[in-house]
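Below is one structure; the comments refer to it alone.
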Amino acid sequence: MHDIRFIRENPAAFDTGLKKRNLAPLSAELLEIDRRRRAAISESEAAQAKRKALSRQIGIAKGKGEAAEALMAEVAALEASLKKGEAEAAALDSELTHRLEVLPNLPFDDVPDGTDETGNVEIRRVGSQRNFGFTPKDHVALGEATGEMDFAAAGKMSGARFVVLRKHLARLERALAQFMLDLHTSEEGGYTEINPPFLVRDKAAYGVGQLPRFAEDMFHTDNGFWLIPTAEVPLTNLVNDMVLEEKQLPQRFTAWTPCFRSEAGAAGKDTRGMIRQHQFPKVELVSITTPEQSAAEHERMTGRAEEVLKRLDLPFRTIVLCGGDMGPASRKTYDIEVWLPGQNAYREISSCSNCGDYQARRMNARYRPKEGPRGSKGGTRFVHTLNGSGLAVGRTLIAVLENYQNEDGSVTIPEVLRSYMGGLAAIPAPAAQ
RNA sequence: GGACAGGUGGCCGAGUGGUUUAAGGCACACGCUUGGAAAGCGUGCGUGGUGUAACAGCCACCGCGGGUUCGAAUCCCGCCCUGUCCGCCA
């Protein structure tokens, strides 16, 4: 959701931002709607003021026992133009809102230009790819060999794009999530652990920008709930319709939840294995900040997600998405991609976005500044919201399997996970199970 | 799921169709008073929109959305939420 006042005051900057999204300039068109809207509001309010004054006089006259027919006739004469004015103002106001709410957020100036993922820019590469000395298998081959990763069993009850994990792999997934949560909620991490609802109403999905745009990608229940496609939805909505004090910011939330995505449009992509599932676990990070804090918080959040991979000793690279590849709510997005030797490729394992005030405006999430610059009037400003995966747990499991595999099909457990695995040093080879 | 009772500003709370232009109190801010403080007194104190160079002014908002009316916090309808009781349930 965009601020029409910002567009009024910075039409060129607005159009420049749209251009980075590969969209045509719109400020002139939007400002013309705004001009008509404001004229209609002024007219309608003047008529309302007149009616209010007359109604009060009717009340006074009746109180004194005087006749009020003349006054009532005067109001009746106003009626038609009043209704028309109100309807016109409301129509123009909702037209403007509808136009503004479907537009994507404006990328920051330092976001690279581009129309698709080929425009993304790698900014760092951390860790070194292991030299195996044999041909590494992918996670499907590794997991199915022991029977601990069972797509057939899941298929029988739920169909494609689901998986059943058993025994060591089931526990490994839980271990990874625990490890991540413990890291993020440590003093160094600074996040507060949240256990949120997995079903939300329209309003919450609208607030983060999932609705109306991504209705098709979400599962919907027949009594009106949406299954969360990411914990970003409930975590960010924790501040929905709130006015926070500046000293309460930044607020940092983390949650381990299942995520549900129907992703009808992605059918055919990554059909093999656990890369793309209808249901997957993810540890999410969300920060609520002042506008001044958000850029630094974005770097910090990305760093905390990277820290998980560093401690797991998994090689990765971090890229900054170009204007054409970012999600609509974002002003700047870093993707972290983990090395998967079984696929011989880097694959996305985290996406960290600074959404500026885009979601806050939709959710009406504000704060009261201690001092200094205020909003147009009043004493509140919209907060900034950020979200990032820290990390996608299912894909982290894949990464551990593929990077820590041994030639016999056993998988070494990374040091930092062993305490979560009851001291287990390796998942045994299929032959040994 | 059913029945009943509720939802008013940061908080408490009055308000059953018209001087409500939301009383009063608490808290908070500033001032007066004081040796200093408390008390007392005075003033201020919501959000959004519109408007203005900036003020002023104007409009809307009493859980949310509709409706009735010249006029709605107040009456009617739908929904959300809270409380109590009942039912069901891990």
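Atoms considered below: every heavy atom in the structure, side chains included; atoms not considered: hydrogens, waters and symmetry mates. As the structure is a prediction and not an experimental result, all values here were calculated from the model.
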Could you tell me which nucleotide pairs with [N] by Watson-Crick or G-U wobble geometry, both distances under 3.5 Å, or answer none if nothing does?
N     : value
B/C75 : B/G67
B/U34 : none
B/A39 : none
B/C28 : B/G44
B/U84 : B/A3
B/C58 : B/G49

- Could you pick out which residue, A/Ile4 or A/Arg56, lies toward the 5' side of RNA chain B when each is mapped onto its nearest nucleotide? A/Arg56
- Message: Quick check: on RNA chain B, is the nucleotide nearest A/Arg201 upstream (toward 5') of the one nearest A/Ala49, or the reverse? Name the residue that is more 5'.
- Response: A/Ala49
What distance, rounded to whole Å, do you find between the two [atom1] atoms, one in [N] and one in [M]?
N     : M     : atom1 : result
B/U21 : B/C11 : C1'   : 24 Å
B/G13 : B/G18 : P     : 24 Å
B/U8  : B/A3  : P     : 24 Å
B/C77 : B/U69 : C1'   : 16 Å
B/G63 : B/C12 : P     : 14 Å
B/C88 : B/G2  : P     : 15 Å

- Message: Distance criterion of 3.5 Å, no angle test: do you see the side chain of A/Glu45 paired donor-to-acceptor with the base of B/G49?
- Response: yes
Using a cut-off of strictly less than 4.0 Å, decide whether [X] has a side-chain nitrogen or oxygen near OP1 or OP2 of [N].
X       : N     : value
A/Ser55 : B/G17 : no
A/Lys52 : B/U21 : no
A/Arg5  : B/G49 : yes

Report the distance from atom [atom1] of [X] to atom [atom2] of [N], rounded to the nearest whole Å.
X        : N     : atom1 : atom2 : result
A/Asn240 : B/C81 : CG    : P     : 14 Å
A/Glu86  : B/C70 : CD    : C1'   : 14 Å
A/Lys62  : B/U19 : NZ    : C1'   : 16 Å
A/Ile60  : B/U21 : CD1   : C1'   : 11 Å
A/Lys203 : B/G65 : NZ    : C1'   : 13 Å
A/Asn364 : B/U47 : CG    : P     : 12 Å
A/Ile41  : B/A60 : CD1   : C1'   : 11 Å
A/Gln48  : B/G49 : CD    : C1'   : 11 Å

- Under 4.0 angstrom, heavy atoms only, what part of the nucleic acid is A/Arg8 near: base, sugar-phosphate, or nothing? sugar-phosphate
- Could you tell me whether A/Leu54 contacts a base, only the sugar-phosphate backbone, or nothing, with contacts defined as non-hydrogen atoms closer than 4.0 Å? nothing
- Item | salt_bridge(A/Arg38, A/Glu32) N-O dist < 4.0 Å | no
May I ask you to test the [X]-[Y] pair for a side-chain heavy-atom distance under 4.5 Å?
X        : Y        : answer
A/Val283 : A/Tyr191 : no
A/Glu297 : A/Asn354 : no
A/Ile336 : A/Glu348 : no

- Query: Distance from A/Gln359 atom CD to A/Thr236 atom OG1, nearest 0.5 Å?
  - Reply: 5.0 Å
- Query: From A/Leu100 CG over to A/Arg362 CZ, what is the distance, rounded to the nearest 0.5 angstrom?
  - Reply: 10.5 Å
- Under the ring-ring contact (aromatic ring centres under 6.0 Å, His included) criterion, do A/Phe219 and A/His278 qualify, and how do the steps go? CA-CA 9 Å; A/Phe219 288 104; A/His278 283 316; 5.6 Å; yes
- Select one nucleotide: of B/U47, B/C81, B/G49, the one nearest the side-chain heavy atoms of A/Arg366. B/U47
